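Here is the structure we will look at.
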Amino acid sequence: MDVFDLIVTGFAGALQPFNFMVLVIGLLVGVIAGALPGISFVNAMAMALPFTYLMQPISAMAFLGGIYAGGVFGGSISSILINIPGTPASLPSCWDGYPLTRKGQSRRALQIAIVASATGGLFSALLLTFAAPPFARFALRFDQPEFFAATVLGLLSVIAIAKDAPVISMLSLFIGMLIGTIGVDPMYGMPRFTFGTDAMQSGINFTVVMIGLFAIGEVVDLIVVKPDLSVRKGPGGQSLSGRDVWAIKGSIARGTGIGSMIGMIPGAGATVGAVIAYGVEKQASGRGREFGTGVPQGLAAPESAKNATTGAALIPLLTLGIPGSAATAIMLAAMMLHGVSPGPLLFTTDVTTVYTIFAAMILANLLMIVAAVFVARGFSTLMRTPPAILGAFIIVLSVVGAFGVRNNFFDVWVCLAFGVLGYVMKRTGFPSAPMVLGVILGPLAERYFLTSLATYENNYLIFFQRPISATILGLAGLFILWSLWPLIQPLLNGLQRKSRKGFP
Amino acid sequence: MHNPLRLVAVGLSLAALVGPAVAQEKFPSRPVEVIVTFGPGGGADLMGRQVSRLAEPILGVAMPVTNISGASGNAGLTRLLTSPPDGHTVATLIALSVSSWAAGLGSAKPDDFQVVAMMQNSPSMLFVNKNSPFKTAQEFLDAAKQNPGKLRVATSGLGTQDDITVRYLASQGFPTKNVPFAKPAERYASTVGGHTDALYEEPGDVAQFIKSGDLRPLLVFNDERHESFPDVMASKELDLAIGDLPNFRTIAVPANTPDEIVQTLADAMNQVLDKPEWKEFCAATYTCTETMSPEQAQKVVVDFHNTVKGYLERFGQEQAAK
Amino acid sequence: MPRRAKLLLKAVPPALILIAAFVLPRFMLQNQNMAAMIGEGEAGPTFWPNVMLTLVAICSAFWLVREVWTALRAPAVAGEAPPPAAPYNWRLAWTGLAIVILYGVAIQYLGFAFATLLFLAVWLILGGVRRPLTVAPVAVIGTLVLLYVFVALAQMPLDRGRGVFAGGTIELYQALRIY
């Protein structure tokens with residue numbers, strides 16, 4: 001069959017009333033779960049899994065795909081409105097999204113986020129549809145050193161985006177990476193920093209740390225400070241115009257490109273993509289100095305990048321049967337429970353299923369605009385409730401969410417401990433975002449580093465000897481030079497002046 | 001029933017309650033929680049979810065699945081041991097967790113658990129990439145002998161039955177390099193992508209790669225050949241005595257659970273094993289096993305623990321002797 | 001001098017982090033015998049944490065030196081008084097944090113249902129919502145919605161509490177048709 005015939009068949013399947021209905025329900029569930037602080041969409045997908053037992057495999061995938069696409073966007077609603085990221089990938093959206101809310105422009109910020117996310121998601125769904133097999137073959141050439149290089153690029157971005165006091169941001173990042181080493185190590189199975197307790201052997205989960213640092217500290221501040229988060233009239237309080245969208249087209253394009261590439265790398269695709277996109281945008285937009293004060297470009301780039309990872313992350317899942325993230329692992333479980341094994345065979349034996357999933361992902365991203373507008377409006381209304389009521393429910397949701405990550409009560413204690421720490425850090429101005437990113441990226445970097453060494457005879461130079469990893473590391477080096485250029489330039493000028501004096 | 005007054009009434013009636021009302025209830029009287037000791041999408045998860053789906057109608061109560069991952073499954077098992085031993089909490093207990101105890105992880109031991117039923121069992125196998133130069137197990141072993149430590153075998157970690165097998169092969173004169181991958185998906189991708197020379201895994205977890213031809217089985221670590229792979233040599237045929245490390249998956253409860261409850265659960269599980277849906281599932285994952293009583297299944301777990309412990313002590317002494 | 005001492009106080013956090021970076025390596029592995037399993041030339045499980053500890057030590061040392069430097073170079077007498085900061089109710093904030101921790105304890109003893117009901121009510125009162133006609137319905141309806149979503153629909157194994165409360169929670173769930 002021709003590709004376009006297959007796509008038509010796929011859309012016919014995805015538009016069947018039941019499939020379409022579960023897709024819409026999935027989207028709404030995803031956006032709402034993502035937007036609730038504490039509850040992550042991965043949680044929601046795991047909870048939704050039993051409901052897919054009774055569905056056809058295609059409906060099950062449409063349902064989970066809807067939650068996935070909606071959830072990756074939904075996390076930004078609470079980032080923008082209350083500075084609490086709903087999912088780790090929405091962390092960079094806090095940096096320029098929440099300042100817009102403080103200026104009374106929350107409606108505009110949400111609209112920027114929706115447009116950017118939907119564009120990124122749609123592009124990557126199209127990439128999935130038309131280019132999955134070649135991209136999968138390319139992805140297979142990536143080995144551990146390449147994964148390590150990509151993670152290093154993410155870590156360097158964290159340093160590059162540090163607004164002020166780079167040393168303290170780096171300290172926060174390294175403390176986060178150190179927290180990430182707690183528990184059983186990924187290779188030898190040896191417990192580290194467990195202080196003799198069994199509970200610590202499971203390690204510290206990054207979602208739990210994020211909920212603690214951001215949600216609890218923020219809520220306690222909420223009842224004391226009572227900030228004004230409502231939409232205000234006046235310049236910028238209005239809706240987004242076509243011209244506004246045109247002004248951020250470059251940011252959306254850059255974010256989408258970065259997200260689609262990063263999404264194919266297993267691990268923390270969406271988070272890494274969003275952080276790198278924010279870092280690149282800070283340099284590329286020409287408004288880097290204003291970043292962090294509510295710049296539309298600084299919101300659009302990470303938004304488009306994180307949704308651009310959704311389709312890309314499905315490429316290795318569907319073509320190779322290899323899930324790269326917790327969300328795609330749940331989709332794998334749903335398919336396996338129905339006796340459908342994703343992988344190379346699926347494209348020959350069950351090609352209609354594959355194209356129906358593609359069509360569902362395209363539809364999900366188109367419909368997401370509608371779903372997102374409704375949910376965002378609902379949440380904006382919720383913001384009018386008194387801060388005490390809002391805060392009470394955020395804390396309960398945080399506790400439930402921290403527990404739900406692994407159904408482990410120890411995680412609730414970790415979350416509450418980080419809540420106290422997060423509050424202290426917030427009041428003293430010690431940056432918490434690099435710490436969370438360190439907890440996310442540190443264990444990935446360590447695992448890829450150790451496995452690279454084990455695979456390549458303990459050769460520490462392997463990262464520079466393989467072409468792809470060397471290229472990524474080279475790019476990372478250039479990137480860090482580029483971002484530190486404002487610091488380096490005066491030094492160089494000074495040297496030049498000195499040498500001119502010396503040799504007239 | 002949505003009446004908030006009802007809630008207040010229940011709250012007030014609390015004061016009147018003397019002692020836990022749970023003690024005399026009949027089993028099962030409320031949902032039976034199935035703790036899956038690994039994350040969604042893995043072999044243990046699929047087993048737990050199939051059990052929950054198929055046993056619900058037999059037991060007549062809901063069986064929600066809870067994934068508690070971490071520390072080779074020990075986080076979930078700790079949770080099982082701290083739950084009341086009334087049968088309303090069961091957990092997956094798999095070979096990997098048992099071997100982790102022998103390697104010194106966690107504080108659990110086989111006596112802490114009562115195995116309810118043996119659900120799945122499969123020997124492990126050695127796989128190579130479809131373009132691999134090795135056509136038979138003998139070719140692979142010869143290459144290992146000629147290039148000691150050069151061939152890379154992707155495994156699930158050190159101190160596991162994967163590691164024991166690699167160490168055993170080395171002790172028999174076939175040294176290879178163990179490359180541990182914490183994430184199964186990355187482990188498979190590394191061999192499918194040709195970055196490692198071989199993969200140690202049970203066939204069910206890589207069924208789609210076997211069927212598509214991306215992975216080729218070379219050797220079964222068992223005394224006899226696998227009925228689904230009659231052309232693949234068994235380790236015993238090559239005089240390798242490493243057929244005593246099966247990959248089993250069981251359902252277990254805390255050791256002090258009353259016998260009648262264990263029996264009720266065991267009957268339900270054995271009915272699940274007889275269902276056509278289960279037969280289809282275990283055939284697709286090459287894990288069908290004979291029905292066992294709780295005592296027989298418990299013995300498999302205890303023996304496995306002793307075997308792993310024996311191997312690790314032997315390797316430890318050999319290392320110390322060097 | 002008091003001003004200088006106050007500035008030196010700002011050097012305490014980096015100093016503590018620096019000390020931790022030197023003390024923590026002792027607690028890294030549970031028993032050192034395990035290190036025998038590591039093959040020759042391998043990085044091993046301690047390599048990465050050690051690199052991180054070193055980086056933490058370097059960054060905190062840099063921060064410490066900078067704080068001490070600014071403190072010592074600062075004029076002994078304050079030039080200008082800092083602008084008066086907006087009054088911040090520290091007592092309210094720390095009470096809030098304590099209540100959040102107590103909520104965690106309460107879940108384990110009273111169970112999720114009763115602990116949440118209690119917590120919602122207490123937090124509302126703390127946050128300035130004091131009308132009983134607001135507090136009671138928000139707490140009761142809020143708890144019910146949370147129970148239906150997370151216990152009934154999502155089937156999360158949230159704590160049922162201990163002793164009497166375990167029985168009470170199960171009766172409550174049965175009354176609500178969750179079980």
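Below, read A as the first sequence line, B as the second, and so on, with proteins coming before strands; counting in each chain starts at 1. Worth saying up front: this structure is predicted, and the values here are computed from it rather than measured.
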Highest number of heavy-atom pairs under 4.5 Å with chain A among C:Ile125, C:Thr95, C:Asp159, C:Thr134 belongs to C:Asp159
Turns out that what part of C:Val135 lies under 4.5 Å from chain A's heavy atoms comes down to neither
Heavy-atom nearest pair, C:Tyr103 first then A:Val399, reads CE2-CG2, 3.8 Å
Bottom line for C:Ser60: the part with an atom under 4.5 Å from chain A's heavy atoms is both
So, the part of C:Phe27 with a heavy atom under 4.5 Å from chain A: the answer is both
- Query: Can you find a heavy atom in the side chain of A:Phe409 that is under 4.5 Å from one in the side chain of C:Ile107?
  - Reply: yes
| said: Check for me whether the distance between the ring centres of C:Phe112 and A:Phe403 falls short of 6.0 Å. | reply: no
When the 4.5 angstrom heavy-atom criterion is applied to A:Asp221 and chain C, the contacting part is both
Expected contact set for residues 16-24 of chain C against chain A at heavy-atom separation under 4.5 Å reads C:Ile17, C:Leu24
So CE of A:Met170 and CD1 of C:Ile58: to nearest 0.5 Å the spacing works out to 8.5 Å
When the 4.5 angstrom heavy-atom criterion is applied to A:Ile216 and chain C, the contacting part is side chain
Taking everything shown except A:Tyr53 itself, do over 12 heavy atoms lie less than 6.0 Å from its OH? yes
Does A:Arg427 count as lying over the ring of C:Trp90, i.e. NZ or CZ under 6.0 Å from the six-ring centre, within 45 degrees of the axis?
yes
From the list C:Ala93, C:Pro14, C:Ala115, the residue making the most non-hydrogen contacts under 4.5 Å with chain A is C:Ala93
- Query: Between A:Trp413 and C:Val105, is any pair of side-chain heavy atoms under 4.5 Å apart?
  - Reply: yes
Main-chain N/O of C:Pro49 paired to A:Arg192 side chain as donor or acceptor, under 3.5 Å: no
